[in-house]
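There's a structure below that I have some questions on.
Everything numeric here is computed off the predicted structure, so don't read it as measured data.
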Amino acid sequence: MSESPAERLVDLLDLERIEADIFRGSSPQEHLQRVFGGQVAGQALVAAGRTTDGERPVHSLHAYFLRPGVPGVPIVYQVERVRDGRSFTTRRVVAVQQGRTIFHLTASFHAPEPGIEHQLPLRELPRPEKLPKLADEIREHLGELPEALERMARRQPFDIRYVDRLRWTEDEVRGAEPRSAVWMRAVGPLGDDPLVHTCALAYASDMMLLDAVRVPVEPLWGPRGFDMASLDHAMWFHRPFRTDEWFLYDQESPIATGGRGLARGRIYDRAGRLLVSVVQEGLFRPHGG
């Protein structure tokens, strides 16, 4: 029996340990131009976490995408144990493929402790049960999915539901605010290892954060007018969570200029508790530019 998309995601995050602080991750051949950035971030975070005692959850990561990865070629993750303090643990990870550094990540782990409590409230948005699955919304517009999209939909490890219906024409896009929101959850159980859930969310966080930059410019689905690439990525983990339960990814873009766009994301659970904050900058170049 073939693996489910959720099982494939767990396997993708289960790195091979080569030496004490060196790991190797698979990179599936997905008919993409480059390795998905969320995969590299998730695998690098697994490598960092596997060199800690497992008692301190990750509270932040900061990463740079340096070169595009090649699909189908394994990636080696080299971990540097920067610090093991009384409350914080710090790790630096370098991802290497075919002898070239493609990605840097620094992750910090913190022993939970009591402190002040407050957060900005979640805005009122529809619940996921009232929204169509992404693939169904595309089928409704196109009649059927193109073969490549159908193949991706079958292998997609996350159920994705956009809060606002997709815009398909330039007229619909014109005047739109630079923000987007989606409900997401893994399509199957991911087990009980908190690090797996954290790394799976790191994977998911890179899937559509730059949508917020594109919303006022072009439809999110269909031909793209830009070559896009993630430049850097930062996450702060505030509370425990499960990535196989519904979470809302609320995104906005405060600015796009100079060929780059900045996007900020806030991830909430169904109860409206803020779980994770995310910031990413992406490169946007017109095709042929």
Side-chain angles (χ1 to χ4, degrees), residues 4-6 9-10 13 38 41-42 45-46 49 54-61 87 107-137 156-166 177-212 215 233-254 263-280:
S4 70
L9 177 60
V10 172
L13 297 173
L45 190 56
V46 169
E55 299 298 318
R56 299 176 180 182
V58 60
H59 79 89
S60 71
L61 67 82
S87 299
S108 181
F109 302 76
H110 177 224
E113 55 186 84
I116 60 174
E117 290 275 346
H118 67 77
Q119 72 162 72
L120 291 174
L122 170 64
R123 60 194 178 109
E124 285 293 324
L125 293 171
R127 292 295 185 175
E129 295 83 3
K130 297 182 179 296
L131 301 169
K133 294 182 178 181
L134 174 58
D136 292 340
E137 189 171 358
Q156 174 56 253
F158 289 93
D159 185 346
I160 301 170
R161 306 190 184 196
Y162 278 81
V163 169
D164 296 315
R165 298 301 295 265
L166 296 179
E177 289 189 351
R179 65 186 310 158
S180 179
V182 292
W183 285 98
M184 302 177 69
R185 67 175 175 184
V187 296
L190 298 180
D192 296 320
D193 183 346
L195 182 61
V196 170
H197 286 268
T198 301
C199 297
L201 191 67
Y203 177 104
S205 70
D206 188 43
M207 292 181 69
M208 71 279 297
L209 182 54
L210 295 180
D211 277 1
V215 163
H233 194 79
M235 303 180 72
W236 294 265
F237 301 88
H238 311 304
R239 294 185 171 102
F241 56 85
R242 292 189 64 94
T243 312
D244 50 15
E245 296 177 354
W246 285 115
F247 58 90
L248 179 80
Y249 199 0
D250 195 13
Q251 308 144 40
E252 63 183 7
S253 175
R264 301 185 297 219
R266 294 176 297 278
I267 297 176
Y268 298 85
D269 65 12
R270 290 181 65 103
R273 299 187 313 149
L274 182 60
L275 305 175
V276 182
S277 299
V278 191
V279 177
Q280 183 178 94

Considering residues, nucleotides and ligands other than E177, do more than 12 of their heavy atoms fall under 6.0 Å from its CD? no
Results of side-chain hydrogen bond (donor to acceptor under 3.5 Å, both in side chains) for R185 - residues two or more places apart only: none
Identify the heavy atoms of A107 and L45 that sit nearest to each other, and give their distance. CB-CD1, 3.9 Å
Side chains of L209 and Y249 in contact at under 4.5 Å (non-hydrogen atoms): yes
Between L134 and L166, which heavy-atom pair has the shortest distance, and what is it? CD1-CD1, 3.8 Å
To the nearest 0.5 Å, atom CG of L201 lies from atom CD1 of I267 at 4.0 Å
Residues that A212 engages under side-chain contact (heavy atoms from CB on, under 4.5 Å), provided they are two or more places apart: Q251, S253
Heavy atoms, side chains only, cut-off 4.5 Å: are L274 and L120 in contact? no
If you compare all heavy atoms of P240 against all heavy atoms of L275, which two are closest, and at what distance to 0.1 Å? O-CD2, 3.9 Å
Value for CG (L210) from OG (S180), rounded to nearest 0.5 Å, stands at 11.0 Å
State, with a plain yes or no, whether a side-chain heavy atom of P112 is found less than 4.5 Å away from one of P57. yes
Would you check if the side chain of R161 reaches a backbone N or O of P128 as a donor-acceptor pair within less than 3.5 Å? yes
Answer whether the closest heavy-atom distance between the side chains of V163 and L248 falls below 4.5 Å. yes
side-chain contact (heavy atoms from CB on, under 4.5 Å) partners of E113, counting only residues at least two apart: S87, H110
Working note: Q156 + K133, criterion side chain to side chain contact (heavy atoms under 4.5 Å, CB included); need CA distance, chi angles, decisive distance, verdict. CA-CA 12 Å; Q156 174 56 253; K133 294 182 178 181; over 6 Å; no
So V182 and M207, side chain to side chain contact (heavy atoms under 4.5 Å, CB included) or not? Walk me through it. CA-CA 11 Å; V182 292; M207 292 181 69; over 6 Å; no
Once side-chain hydrogen bond (donor to acceptor under 3.5 Å, both in side chains) is applied, do any residues pair with E124, and if so which ones, sequence neighbours excluded? none
Taking only residues two or more places apart in sequence or in another chain, which ones pass salt bridge (Lys or Arg N to Asp or Glu O under 4.0 Å) with D250? R123, R179, R266
Rounded to the nearest 0.5 Å, what separates atom OG1 in T198 from atom CG in D193? 8.5 Å
Kindly give the heavy-atom pair with the smallest separation between L122 and G272, and that separation in Å. CD2-CA, 4.0 Å
Kindly write out the residues that satisfy salt bridge (Lys or Arg N to Asp or Glu O under 4.0 Å) with E137, not counting sequence neighbours, or none if the list is empty. R165
According to side-chain contact (heavy atoms from CB on, under 4.5 Å), who are the partners of S60, at least two apart in sequence or on a separate chain? H62, S108, W236
Rounding to 0.5 Å, atoms CZ (F241) and OH (Y268) come to a distance of 15.0 Å
What residues form a ring pair (Phe, Tyr, Trp, His ring centres under 6.0 Å) with Y203, not counting sequence neighbours? F36
Salt bridge (Lys or Arg N to Asp or Glu O under 4.0 Å) filter on E129, not counting sequence neighbours, yields R270
Any side-chain heavy atom of Q119 within less than 4.5 Å of one from H238? no
Does D164 have any salt bridge (Lys or Arg N to Asp or Glu O under 4.0 Å) partners at least two apart in sequence or in another chain, and if so, which? none
Answer yes or no: is there a side-chain heavy-atom contact under 4.5 Å between M235 and S205? yes
Counterpart residues, side-chain contact (heavy atoms from CB on, under 4.5 Å), relative to R242 (two or more places apart): D192, H197, D244, E245
Is the shortest heavy-atom distance from the side chain of W183 to the side chain of R127 under 4.5 Å? yes
Heavy atoms only: give me the nearest A6-L190 pair and the separation to one decimal. O-CD2, 3.9 Å
How close do W246 and D159 get, counting heavy atoms only, and between which atoms? CH2-OD2, 3.5 Å
Within the 4.5 Å heavy-atom criterion, are D269 and F247 side-chain neighbours or not? no
